[in-house]
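In what follows, residues are counted from 1 in the order of the sequence shown.
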Amino acid sequence: MAKKQRRKNGDIVEIVVDNKKYFARVLENPLFAFYDIQVELDVLVLCEDIIMKPVLFKVDVMKYAITGGRWKVIGNLPLSDDLLEPPVFFRQDALNDELFLYYADGTEEPASFEQCAELECAAVWDPQHVEDRLVDHYHGRPNCWYESARPKAPKAPN
């Protein structure tokens, strides 16, 4: 059983999937930034080198990814200004497909499909689904979890 951990802003976590390591950063709860880096299990990567990589995406993740020990904390470094800035997500109403920009403070405003097309969905991801997304990224294939959460184009009026 993995050791219990607390999550702290600035933590760098190691994610092991299929004999590969991926890395993320703990941001304001429940947000994580996932870096564009994949290495073999036996490769040692310094935290200072990890945080120099580009960020692939930022999403909210269920807390047990860290507190349950699924993702191992390997270090902590101060967050840069770009990581302190909360991202804007989109939300789509399930009943009428209306789109909204969703902000970290819980406020939202109506939005167009074009405004939402490149944004992440306002959702809290299961760690397994994030792991699938990382693996799919490096295999160059679409990820079913990401695709299922994309905004749907508005319906044409009857």
Side-chain angles (χ1 to χ4, degrees), residues 2 5-77 79-80 82-94 97 99-104 106 108 111 113-153:
Q5 306 173 105
R6 291 182 188 218
R7 62 169 279 146
K8 293 185 302 215
N9 291 359
D11 281 348
I12 298 153
V13 298
E14 177 183 87
I15 303 163
V16 176
V17 184
D18 297 336
N19 295 316
K20 303 279 187 198
K21 293 192 290 190
Y22 307 88
F23 301 92
R25 197 79 178 277
V26 174
L27 306 178
E28 193 64 40
N29 191 28
L31 192 63
F32 284 78
F34 296 87
Y35 289 101
D36 191 0
I37 179 172
Q38 174 199 55
V39 297
E40 300 294 328
L41 276 182
D42 60 350
V43 173
L44 176 64
V45 183
L46 299 175
C47 291
E48 291 80 6
D49 294 333
I50 293 166
I51 67 170
M52 297 307 293
K53 299 293 184 187
V55 171
L56 284 173
F57 56 91
K58 296 177 187 176
V59 294
D60 293 338
V61 181
M62 292 183 181
K63 68 179 179 180
Y64 73 86
I66 296 281
T67 60
R70 182 180 184 105
W71 297 349
K72 180 182 171 188
V73 175
I74 60 169
N76 186 291
L77 291 169
L79 293 169
S80 57
D82 62 316
L83 293 177
L84 291 171
E85 188 66 34
V88 176
F89 294 101
F90 82 89
R91 181 183 74 77
Q92 190 158 28
D93 190 291
D97 287 338
L99 290 162
F100 300 88
L101 296 178
Y102 183 85
Y103 300 95
E108 55 185 38
F113 178 77
E114 292 73 26
Q115 288 175 291
C116 299
E118 300 302 317
L119 297 178
E120 292 282 344
C121 181
V124 181
W125 286 60
D126 183 275
Q128 173 67 49
H129 296 166
V130 173
E131 293 164 9
D132 291 347
R133 183 170 172 183
L134 290 167
V135 170
D136 287 345
H137 171 77
Y138 285 98
H139 281 94
R141 60 187 180 221
N143 175 261
C144 66
W145 309 114
Y146 175 76
E147 295 301 325
S148 70
R150 301 307 309 136
K152 294 160 193 61

Please table the atom pairs, donor to acceptor, closer than 3.5 Å between any side-chain atom in residues 47-59 and protein atoms at least two apart or in another chain.
residue : atom : partner : partner atom : Å
Lys58   : NZ   : Asp82   : O            : 3.2

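Minimum heavy-atom separation, Leu101 to Gln115: CD1-NE2, 4.0 Å. Nearest heavy-atom pair across Ala123 and Asp60 is O-CB, 3.5 Å. Smallest separation of non-hydrogen atoms from Met62 and Val124: N-CG1, 3.5 Å. Among all heavy-atom pairs drawn from Asn9 and Asn29, the shortest one is OD1-N, 4.3 Å. In terms of heavy atoms, Pro151 sits closest to Ala117 at CG-CA, 4.0 Å. Across Arg150 and Glu120, no two heavy atoms sit closer than the pair NH1-CA, 4.3 Å.
In this structure, Trp125 has its ring center at least 6.0 angstrom away from the ring center of Phe32.
Between Asp136 and Arg141 there is a salt bridge, since a side-chain N of the basic residue sits under 4.0 Å from a carboxylate O of the acidic one. A salt bridge is absent between Lys21 and Glu40: the closest approach of a Lys/Arg side-chain nitrogen to an acidic carboxylate oxygen does not fall below 4.0 angstrom.
Other residues, nucleotides and ligands contribute only 12 or fewer heavy atoms inside 6.0 Å of the NZ atom of Lys72. Other residues, nucleotides and ligands place more than 12 heavy atoms under 6.0 Å from the CG atom of Asp93. The local environment of CD in Glu147 is crowded, with over 12 non-hydrogen atoms from other residues, nucleotides or ligands closer than 6.0 Å.
Take Tyr64 and apply the ring pair (Phe, Tyr, Trp, His ring centres under 6.0 Å) test, not counting sequence neighbours, and it matches no residue. In this view, His137 satisfies the ring pair (Phe, Tyr, Trp, His ring centres under 6.0 Å) rule with no residue, not counting sequence neighbours.
Cation-pi check for Arg91 over Tyr102 is not met; the charged atom does not lie both under 6.0 angstrom from the ring centroid and within 45 degrees of its normal.
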### Task
Could you go through the side chain to side chain contact (heavy atoms under 4.5 Å, CB included) check for Tyr22 and Tyr138 one step at a time?
CA-CA 10 Å; Tyr22 307 88; Tyr138 285 98; 3.6 Å; yes
